[in-house]
Every structure is written in C-alpha cells, then in structure tokens.
A.B. asks: 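I am attaching a structure below and will ask some questions about it afterwards.
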Number of protein chains: 2
Amino acid sequence: MLIVEDDAWMREALEAALHWPESRLEHAASAATGRAVIEALRGGLFPDVALVDMGLPDMHGADVIRLLAACRPATSIVVFTVQEHRDVIVKAIRAGAHGYLLKSATIVEVLDGLLAASRGGAPLTPSVARMVIEALHRPGDPELAAEIERLTTRETEVLTLLGKGVTYAEAAKLLGIALGTVQSHVKVIYEKLQVNSKAEAATIAQRMGLL
Amino acid sequence: MLIVEDDAWMREALEAALHWPESRLEHAASAATGRAVIEALRGGLFPDVALVDMGLPDMHGADVIRLLAACRPATSIVVFTVQEHRDVIVKAIRAGAHGYLLKSATIVEVLDGLLAASRGGAPLTPSVARMVIEALHRPGDPELAAEIERLTTRETEVLTLLGKGVTYAEAAKLLGIALGTVQSHVKVIYEKLQVNSKAEAATIAQRMGLL
DNA sequence: CACGTACCCCCATGTTCATGGGTGCCCGGG
DNA sequence: CCCGGGCACCCATGAACATGGGGGTACGTG
C-alpha cells in the first residue's frame, strides 16, 4: 500500500487509518511529491495498491498515474481527489487508474474502496462509473478531439474520408471537387496534425472519434 | 421503464416489483423478444430506463442494446443477465449499455440499480467496474483483436509498423529485409484483413490494439 | 519420397500520394 | 479603399504504394 498525497495532515490521517486493526491493509510507504514516488519505485517498492492524490506540487496527476501504471503494472491505482469534473476523471482513468475516490468520502469508505481495489475490484461512485462508461461509448481521446477545431469545415470532411481509407480521387468525387483540391486540403491537414502520411492521419482521425 | 426479458416468470416478477410503492419507477412496457422491442419503439415508446436480458430467442443481446442505444439515446440501458464473463460484459457495455446487473442480485438490488440508472448513475458491481476500466485501458475491439491470430509473426510486425505510419522502406530497414518483401507481406495482410490501402490497415491495427 | 501448405523472401509495373508551386473569393482593419 | 489573412480551389512531379508476377526452405501426410 503506497500513499501519494502532498497535504501532510491528510497523509498522516490516512497512514493512521491504515494502522487500525480493521483496515486489513499494510501501509508500506508514503510520498508527498512526484520525485518521492520515483525514488520509492527505484528503491524496489512493489505496492499492491496505490492511493494517489492528483495535484502534487511537482508533477501532473495524470503523469504520476502513467508513471505508476508503466513501472508497476500489477499495482491497483486508486485516485483520491476533490475533483469531480468529467474531464479530470476520464483523464485519470485513461492514464491508468483503476478506481476513483472523492475526498468528500468518509475514511471508512476510502478504506473499503482500497480493500476492494486490492481484491481486484474497482471502487467507483455511480456517477463516476457513468462517466467512465460514457468515455467507453465515445471512443477517441478528448484531448485530441479538441484539435478538430483547428481544422476548417472542408478539412474535417476530407480527414473523415481519409480515416476510412478512401482514395483522394474518390474523396474528390464525393465532395464534388477536383483531385488537386483534395491534395491541397490534405497538405494543410498534415501541417496542422504534424504528420506526413495518410496512415498517420487516419489513425489520428480515429483517435479523434471521426469515424 | 422498459423490461426486455424472455423468461415469463422473471419478467412478471420484475413487473410486480416495479408496482411496489417503494420502487419509485414507473413500468411502461415489457418485451419478450427482439421483435417486440422494435414494435414498442415504433409505437413511440421513450423509456428513461431499459432493463434488458441478453439472450433473447430471436436477437443477439449486443444487437438489442445497439438498437436501443441508436433509437433512444436518452434511455439508460441496464443489462440483466447471468453472464459474468469478461467478454460478454465488455461487449455489452461497448454496444451501449450503461449498467450491468447480475441475476444473482436480489430484487432490491436490482430496483436500486434501476433507480440509480434513472438518475444518471451507472449500476455496476466492483468486479464488473474493474473489467470496464480495463477495457478502457486496453483500447481496441476484442473481436478484432482475435483476428491477429490469423496473421503470421512477420505479418504482425509489419502491420504494427504500418499502424505507426512508417514507410515500407523504413519498415524494411527496421526488419532487416528487402522492400519487396515488405510489399509481399502487406499483400497478404490486406487479403486477411479485407482492405486495400495502408490507411485502412492502420486504422484496423489501431482497433486491434497494436499500437 | 513426392505433395501440398505455410511461411518468408524478392522484383517490376501502374496507381496513388506528398508536397512544391499557383489563382480567386470573402472579410475585417488600417 | 486596398491590403493581408484565411479559406477553397487547381496543376505538376518525384516518392511511396498496391498488386501482379516469381522464388526458396521447412514440416506434416498420404
């Protein structure tokens, strides 16, 4: 059990709770910063559960989660935060979190959640669960999806067709324009998306949810 | 509230429960088959919640969900089944379900779940929630991922590179083979995946989780 | 030991892309 | 008013691709 939390009071309260006999979880380490997490992992720590606060002073929350998920794939990562906005939640889960507890929860609920996580469950409130499910329904990275707005109408149409593997000639016919024009739009799309091949553009179109 | 359930006893038990004063849900219609669902929707039914049994006699469970999700986007769809295998669960959620209740649950748990669903929550047991989250972590359609096995080792390597937008020449260098050989592998890949362009292959590689 | 199957390897040809060049339209600011 | 920037439109050419050929080695079966 690893605790990642920058607020000293909160961290110590959690540590204390873990030492209650009812907790049934073993406290192994705590970290107040991203750097401390890295050092703990370098030190050979393999926690089965990690409770992580988003909002450390030196590292973005999602990056801490990504780090933990990458270095310790067997660890169940549970987010612990005040944030209950959709984007934050979805970003955390996508980054690799397995559970999401709000700081408004009671200490007992937190312990229950951690125990569930250690047993292969996923502590989620119903409203968070709903957001996760909706994220699954709308495939595509919301970060990337925002990039769509940098494209013009025509460019978006062209990109959508590219995503399906349509050839330039077919796209031109479908849009009622010349082949050269499609090529011209593609040029701009490539610049804006920082790619230089149809295959890359197609995969990005997909991640944007432009199916 | 729409009930979709082919077993008459179960259906009637649910209907009876919905008429309890504590249920706080209004029973609007029931359907025992896929056809009956279609007719109910054609008849102008707009339920706020639908409890659907997978395993109707005339239609696949996932298809019923897809149908409901497509025709009634505002309806919260809750699956109700004995199945608790990962693939079934993930398929149902991906098809558009918002909640997943097991038939081993008590009638009160079911009513609670339906109520939560009607209020914008998502009734999931912790273990089901875990599977949903893991599905989000491993992007890609498990159906398509199975197709990977029809590809040989070399073909999979080539497809993985294609998915990143690597050029044939670069792929050849990376794999230590001739350009012509890459082209040859690509030919077979296209046949097996039923496509004929790099862009299509790349999007499929992505959906397979070959990133 | 053929024989078929499966995999990996290579070349040559026409088609499609990627990217360099352009033109005309509209609109808001100087 | 006219100038610049953004958008849509078009052409030309070398690079990359799609798909037609053709090999070779291994392995299991009649």
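Throughout, a chain's letter reflects where its sequence line sits, starting with A, and its residues are numbered from 1.
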A.B. asks: So does A:E26 have more than 12 non-hydrogen atoms from other groups sitting under 6.0 Å from CD?
C.D. replies: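 At most 12 heavy atoms, drawn from other residues, nucleotides or ligands, come within 6.0 Å of this atom.
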
A.B. asks: Considering every strand and a 4.0 Å limit on heavy-atom distances, what is the contact class for B:T152: base, sugar-phosphate, or nothing?
C.D. replies: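 Sugar-phosphate, backbone atoms only, no base.
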
A.B. asks: Record whether the side chain of A:E155 comes under 3.5 Å of the base of D:dA8 through a donor-acceptor pair of N or O atoms.
C.D. replies: no

A.B. asks: What is the separation between atom NZ on A:K192 and atom C1' on C:dA18, rounded to the nearest whole Å?
C.D. replies: 18 Å

A.B. asks: Among D:dA18, C:dC7, C:dT19, which nucleotide sits nearest the side chain of B:K198?
C.D. replies: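 Looking only at side-chain atoms, B:K198 lies closest to D:dA18.
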
A.B. asks: OP1, OP2 of D:dA18 versus side-chain N and O of B:Y190: anything below 4.0 Å?
C.D. replies: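 It does, given that an N or O in the side chain of B:Y190 lies less than 4.0 Å from OP1 or OP2 of D:dA18.
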
A.B. asks: May I ask you to say what A:T167 touches in the nucleic acid, namely base, sugar-phosphate or nothing, with a heavy-atom cut-off under 4.0 Å?
C.D. replies: sugar-phosphate

A.B. asks: 5'-most contact on DNA chain C: A:E191 or A:G165, nearest heavy atom basis?
C.D. replies: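 On the 5' side of the pair lies A:G165.
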
A.B. asks: Taking the minimum atom-to-atom distance to the side chain of B:K187, which one of D:dA18, C:dC17, D:dG20 wins?
C.D. replies: D:dG20

A.B. asks: Could one point to a donor on the side chain of B:Q183 or the base of C:dA12 with an acceptor on the other under 3.5 Å away?
C.D. replies: yes

A.B. asks: Which nucleotide, D:dC11, C:dC9, D:dT19, lies nearest any side-chain atom of B:I177?
C.D. replies: C:dC9

A.B. asks: What about B:S184: does its side chain form a donor-acceptor pair under 3.5 Å with the base of C:dC10?
C.D. replies: yes

A.B. asks: Could you check how far NE2 of B:H185 sits from P of C:dC11, rounded to whole Å?
C.D. replies: 13 Å

A.B. asks: Of the listed nucleotides (D:dC10, C:dC8, D:dA8), which one gets closest to any side-chain atom of B:R154?
C.D. replies: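 The listed nucleotide nearest to B:R154's side chain is C:dC8.
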
A.B. asks: Going by heavy atoms in the side chains, are B:E84 and B:T125 under 4.5 Å from each other?
C.D. replies: no

A.B. asks: When you measure from the side chain of A:V186, which nucleotide among C:dA18, C:dG21, C:dC9 comes out closest?
C.D. replies: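 When the side chain of A:V186 is considered, C:dA18 is the closest of C:dA18, C:dG21, C:dC9.
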
A.B. asks: Around atom NE2 of B:H60, are there more than 12 heavy atoms of other residues, nucleotides or ligands at under 6.0 Å?
C.D. replies: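 Not more than 12 within 6.0 Å, no.
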
A.B. asks: Decide if atom NZ of B:K173 counts as having more than 12 heavy atoms of other residues, nucleotides or ligands within a radius under 6.0 Å.
C.D. replies: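 Open: at most 12 neighbouring heavy atoms sit under 6.0 Å from NZ of B:K173.
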
A.B. asks: Which whole-number value in Å describes the distance from B:L161 CG to D:dC17 P?
C.D. replies: 12 Å

